[in-house]
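Presented below is the structure to which this report refers.
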Amino acid sequence: MQLFVAKLNYSTSSDTLKEVFEQFGEVASANVIIDRETGRSKGFAFVEMKDDDAANAAISALDNTDLDGRTIVVKKAEPRESRGGGGGRRF
DNA sequence: GCTGAGCGC
């Protein structure tokens, strides 16, 4: 299950999120969105967890909680292909 | 070196 984490600290890294989410279950991968233009964090990230139960538990536990000094928001991530853009080509 | 809603190249 992919989790969407928003309102993170600009200094928060993928490893930090991984360690936090690993406390609730197995984290397949943690990916903090880094801006290609500035090279800095955009303020949100995506965390993929192997167990769905752990993912829901992490949402209920980490949502609206303090992380690195900032109150983060954890929700279920939407499919990247649905958003459209340059990479996702449905044809 | 900064800001602060929302969805990844």
Side-chain angles (χ1 to χ4, degrees):
Chain A
M1 166 125 25
Q2 288 183 320
L3 272 50
F4 173 72
V5 189
K7 295 180 64 176
L8 316 156
N9 193 318
Y10 293 124
S11 302
T12 306
S13 56
S14 305
D15 185 72
T16 304
L17 286 172
K18 186 177 182 181
E19 289 183 36
V20 175
F21 278 82
E22 275 181 341
Q23 295 173 102
F24 299 92
E26 300 176 69
V27 178
S29 61
N31 175 255
V32 176
I33 308 306
I34 307 297
D35 193 286
R36 188 175 63 88
E37 302 178 76
T38 61
R40 301 294 172 86
S41 175
K42 285 186 178 181
F44 61 95
F46 290 91
V47 179
E48 184 180 4
M49 303 197 69
K50 297 180 181 179
D51 295 313
D52 295 343
D53 279 334
N56 289 285
I59 294 175
S60 300
L62 298 176
D63 183 46
N64 285 94
T65 50
D66 182 82
L67 177 58
D68 199 53
R70 308 292 182 265
T71 304
I72 65 174
V73 179
V74 183
K75 301 187 297 187
K76 292 181 296 183
E78 301 174 358
R80 184 165 57 95
E81 285 79 24
S82 299
R83 274 289 164 180
R89 195 70 60 90
R90 284 192 291 272
F91 293 98

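A, B, ... follow the sequence lines: proteins, then strands. Residue 1 opens every chain.
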Please list, chain by chain and in numerical order, all residues satisfying side-chain hydrogen bond (donor to acceptor under 3.5 Å, both in side chains) with T65(A), sequence neighbours excluded. none

With sequence neighbours excluded, residues passing side-chain hydrogen bond (donor to acceptor under 3.5 Å, both in side chains) with S41(A): none

Give each protein N/O atom lying under 3.5 Å from an N/O atom of nucleotides 1-3 of chain B, with the pair distance.
{"unit_1": "dT3(B)", "atom_1": "N3", "unit_2": "Y10(A)", "atom_2": "OH", "d": "3.2"}

Show me, pair by pair, the donor-acceptor contacts under 3.5 angstrom made by side chains of residues 46-59 of chain A, not counting sequence neighbours?
{"unit_1": "E48(A)", "atom_1": "OE1", "unit_2": "S29(A)", "atom_2": "OG", "d": "3.2"}
{"unit_1": "N56(A)", "atom_1": "ND2", "unit_2": "D52(A)", "atom_2": "O", "d": "2.6"}

Test side chain to side chain contact (heavy atoms under 4.5 Å, CB included) applied to Q23(A) - qualifying residues, sequence neighbours left out: V20(A)

Set of residues satisfying side chain to side chain contact (heavy atoms under 4.5 Å, CB included) with respect to D15(A), sequence neighbours excluded: S13(A), E19(A)

For [X] and [N], what is the distance between atoms [atom1] and [atom2] respectively, to the nearest whole Å?
X      : N      : atom1 : atom2 : value
K7(A)  : dA5(B) : NZ    : P     : 7 Å
R70(A) : dG4(B) : CZ    : C1'   : 10 Å
K75(A) : dG8(B) : NZ    : P     : 13 Å
R80(A) : dG6(B) : CZ    : C1'   : 17 Å

Within residues 56-65 of chain A: residues closer than 4.0 Å to DNA chain B (heavy atoms): none

Identify, residue by residue, the members of residues 27-39 of chain A with a heavy atom below 4.0 Å from DNA chain B, and return them in order of residue number, or none. N31(A), I33(A)

Can you list every ring pair (Phe, Tyr, Trp, His ring centres under 6.0 Å) pair that touches residues 20-39 of chain A, not counting sequence neighbours? none

Any heavy-atom pair between the side chains of T12(A) and I72(A) that's under 4.5 Å? no

Is any side-chain heavy atom of L17(A) closer than 4.5 Å to a side-chain heavy atom of L67(A)? yes

Between dA5(B), dC7(B), dC9(B), which nucleotide has the shortest distance from any of its atoms to the side chain of F4(A)? dC7(B)

Checking dC9(B), dC7(B), dG6(B) against the side chain of E78(A) (C-beta onward), the nearest is dC7(B)

Touch check for L8(A), heavy atoms < 4.0 angstrom, all strands: base, sugar-phosphate only, or nothing? base

Membership question, hydrophobic clusters at under 4.5 Å side-chain separation (ILVMFWY): are V27(A) and V5(A) in the same one? yes

Would you compute the distance between atom OG1 of T71(A) and atom CG of D63(A) and round it to the nearest 0.5 angstrom? 10.5 Å

Transitive ILVMFWY cluster of V73(A) at side-chain heavy atoms under 4.5 Å: who else is in it? none

